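Notes follow the structure.
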Amino acid sequence: MMITSIFLPPMAKSSGGLAVLLQIAEHLNQAGMPVQLVRRESRRPLLPEECTVPVVDWETLKLDSRHLWLIPEGWTNALAPGLRAGAHCLVYVQNWAYLFSSLPKSVSWRGLSTTFLAVSRPVAWFIAKVLGQPSQVVRPGIDRTLFRPMTGKPEGPLRVAYMSRKNKALAELIQAVFSARNPELATPNRITWTDIHGRSQAEVAERLNQSHIFLATGFPEGCPLPPLEAMACGCLPVGFAGFGGWEYMVSMAMGAMEGREGAPHPRPWFPIPENPWQGNGFWVPDGDALAAALALEHAVQLWTDRGADLAMALQAGQQTADAFDLKTQRTQVLEAWAQLGIMDD
């Protein structure tokens with residue numbers, strides 16, 4: 001059986017992508033498969049106290065043909081030890097937009113002895129279209145014991161959560177457009193805005209549970225976690241899919257509602273994966289601030305009415321979140337490793 005060695009970039013702070021690498025390692029370790037984490041720098045990144053996977057420093061790393069060497073797509077230079085040692089090199093593409101970001105100009109992916117792992121079906125489709133290579137899919141997983149709806153949303157003003165790290169200027173523009181179109185709502189006693197950037201997972205879950213709507217401003221994305229976590233906590237999300245968000249996003253209709261305009265939401269030109277749930281948010285073209293503001297108006301109207309449409313959307317959000325729990329992710333990891341032949345004796 002191959003030993004899976006997972007390269008961890010020397011990041012000063014944790015990120016969603018890093019968390020998924022650790023999740024994969026934990027799933028393999030719990031399944032009794034040999035796995036180790038490899039840090040490029042001593043003590044960077046810092047690992048959570050509950051991490052049970054063995055850790056190896058870069059200086060002591062020894063790879064050979066018995067190893068699967070896994071790296072994230074933005075760290076191409078980290079492939080070198082695996083390529084030199086004849087290891088099975090696997091590139092985990094967590095964001096399609098960074099597939100070529102660190103590739104030296106004199107090097108092409110087609111010329112490297114690598115296989116690919118994709119974070120979502122849209123990303124797998126992108127890899128196939130660009131490089132002509134298939135890839136297994138391992139999606140992020142969310143902790144449903146943490147990200148789950150609590151008992152009821154707070155009364156008072158509607159609370160809109162967002163993450164300022166995701167295209168901050170555009171998030172501010174959407175808020176400005178919304179406020180300009182709805183001056184009667186642009187007061188603290190009607191609408192409040194909550195930034196969840198820089199918070200711990202527990203703090204994010206708490207703030208999302210206190211929020212009614214989540215404004216998704218991230219793009220490009222491989223499989224965005226914030227809108228998914230928001231759904232899990234009972235928020236109605238609106239905004240951008242970032243391409244990779246179509247892994248789980250299903251659009252709700254935005255026709256005229258109480259005299260409000262409908263925002264354009266054409267189907268993307270690329271194929272959208274099929275999902276078993278109904279519309280779970282108001283999704284608009286990436287970067288379209290006016291469309292996002294109009295979508296936000298519709299979400300506010302649904303929360304104001306609190307009728308069947310809102311209940312169906314929130315239920316679809318729960319179905320979506322359930323499909324991304326850690327148990328489902330573990331199954332995906334083990335199935336992907338079986339397909340790669342890593343589990344063979």
Side-chain angles (χ1 to χ4, degrees), residues 9 11 13-21 23-24 72-75 91-102 116-130 135 137-142 147 161-171 173-174 195-198 201 204 208 213-232 235-251 265-273 275 280-289 291-292 295-296 317 320-321 323-324 329 332:
M11 303 176 67
K13 296 182 179 180
S14 183
S15 68
L18 180 62
V20 176
L21 292 176
Q23 287 173 337
I24 291 174
E73 86 290 331
W75 297 82
V91 179
Y92 188 24
V93 184
Q94 295 177 297
N95 193 323
W96 57 276
Y98 302 143
L99 181 58
F100 297 94
S101 63
S102 65
F116 293 92
L117 187 68
V119 75
S120 65
R121 288 170 290 178
V123 170
W125 179 86
F126 178 86
I127 296 169
K129 282 294 181 183
V130 174
S135 51
V137 174
V138 170
R139 306 185 308 197
I142 58 174
F147 292 101
Y162 69 101
M163 181 173 285
S164 61
R165 180 173 64 85
K166 302 283 188 176
N167 299 310
K168 181 179 181 180
L170 194 52
L173 175 59
I174 294 167
D195 187 0
I196 62 172
H197 172 57
Q201 280 207 322
V204 168
L208 290 175
I213 298 168
F214 181 78
L215 174 61
T217 57
F219 70 90
E221 297 278 10
C223 190
L225 276 173
L228 192 60
E229 294 167 346
M231 288 184 200
C235 295
L236 178 61
V238 306
F240 311 140
F243 181 76
W246 291 113
E247 169 65 27
Y248 61 82
M249 294 176 180
V250 178
S251 288
H265 54 95
R267 286 179 64 88
W269 65 270
F270 48 86
I272 299 177
N275 287 303
N280 52 19
F282 291 121
W283 310 114
V284 301
D286 293 344
D288 192 331
L296 190 54
T320 308
F324 281 77
Q329 186 195 39
Q332 280 198 327

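Quick caveat: nothing in here was measured; it's all calculated off a predicted structure. Just the heavy atoms: all of them, side chains too, but no hydrogens, waters or symmetry mates, feed the values below.
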- Message: Could you report the tightest heavy-atom contact between Pro226 and Met163, atom names first, then the distance?
- Response: CG-CE, 3.9 Å
- Task: Check for a donor-acceptor pair, side chain of Asn280 on one end and backbone N or O of Met249 on the other, with a separation under 3.5 Å.
- Result: no
- Message: Between Pro224 and Phe219, is there a side-chain heavy-atom distance shorter than 4.5 Å?
- Response: no
- Locate the shortest heavy-atom distance separating Gly141 from Gln329; write the atom from each residue and the value. N-NE2, 3.2 Å
- Show your working on side-chain hydrogen bond (donor to acceptor under 3.5 Å, both in side chains) between Ser164 and Asp195 and close with a plain yes or no. CA-CA 6 Å; Ser164 61; Asp195 187 0; 2.6 Å; yes
- Item | CG-CG distance between Leu173 and Asn167, expressed to the nearest 0.5 angstrom | 11.5 Å
- Check against side-chain contact (heavy atoms from CB on, under 4.5 Å), Ile174 and Tyr162: CA-CA 11 Å; Ile174 294 167; Tyr162 69 101; over 6 Å; no
- Task: Find the distance between CG (Leu21) and OG (Ser15) and round it off to the nearest 0.5 Å.
- Result: 8.0 Å
Validation: residues 120-129 side-chain donor-acceptor distances under 3.5 Å, sequence neighbours left out:
residue, atom, partner, partner atom, Å
Ser120, OG, Val123, N, 3.3
Ser120, OG, Gly222, O, 2.7
Arg121, NE, Glu247, OE1, 3.1
Arg121, NE, Glu247, OE2, 3.0
Arg121, NH1, Glu274, O, 3.3
Arg121, NH2, Glu247, O, 3.1
Arg121, NH2, Glu247, OE2, 3.1
Arg121, NH2, Asn275, OD1, 3.0

- Applying side chain to side chain donor-acceptor pair (under 3.5 Å), name anything that partners Gln332, two or more places apart in sequence or on another chain. none
- Closest non-hydrogen atoms of Val20 and Pro140, given as atom of the first, atom of the second and distance, are CG2-CB, 3.9 Å
- Main-chain N/O of Val138 paired with Tyr92 side-chain donor or acceptor, under 3.5 Å: yes
- Message: What verdict does the side-chain contact (heavy atoms from CB on, under 4.5 Å) test give for Leu215 and Val238, after you've listed the backbone C-alpha separation in whole Å, the side-chain angles of each residue and the deciding distance to 0.1 Å?
- Response: CA-CA 5 Å; Leu215 174 61; Val238 306; 3.9 Å; yes
- Message: Please report the interatomic distance CZ(Phe240) to CD(Glu221), rounded to the nearest 0.5 Å.
- Response: 11.5 Å
- Item | Pairing residues for Ser102 by the side chain to side chain donor-acceptor pair (under 3.5 Å) criterion, not counting sequence neighbours | Thr76
- Message: Within this structure, what is the CG-CZ distance for the pair Leu208 and Phe147, rounded to the nearest 0.5 Å?
- Response: 7.0 Å
- Note on the structure: When rounded to the nearest 0.5 Å, the distance separating CD1 of Ile196 from NZ of Lys166 is 10.0 Å
- Taking atom CD1 of Ile272 and atom CH2 of Trp283, what is their separation to the nearest 0.5 Å? 12.5 Å
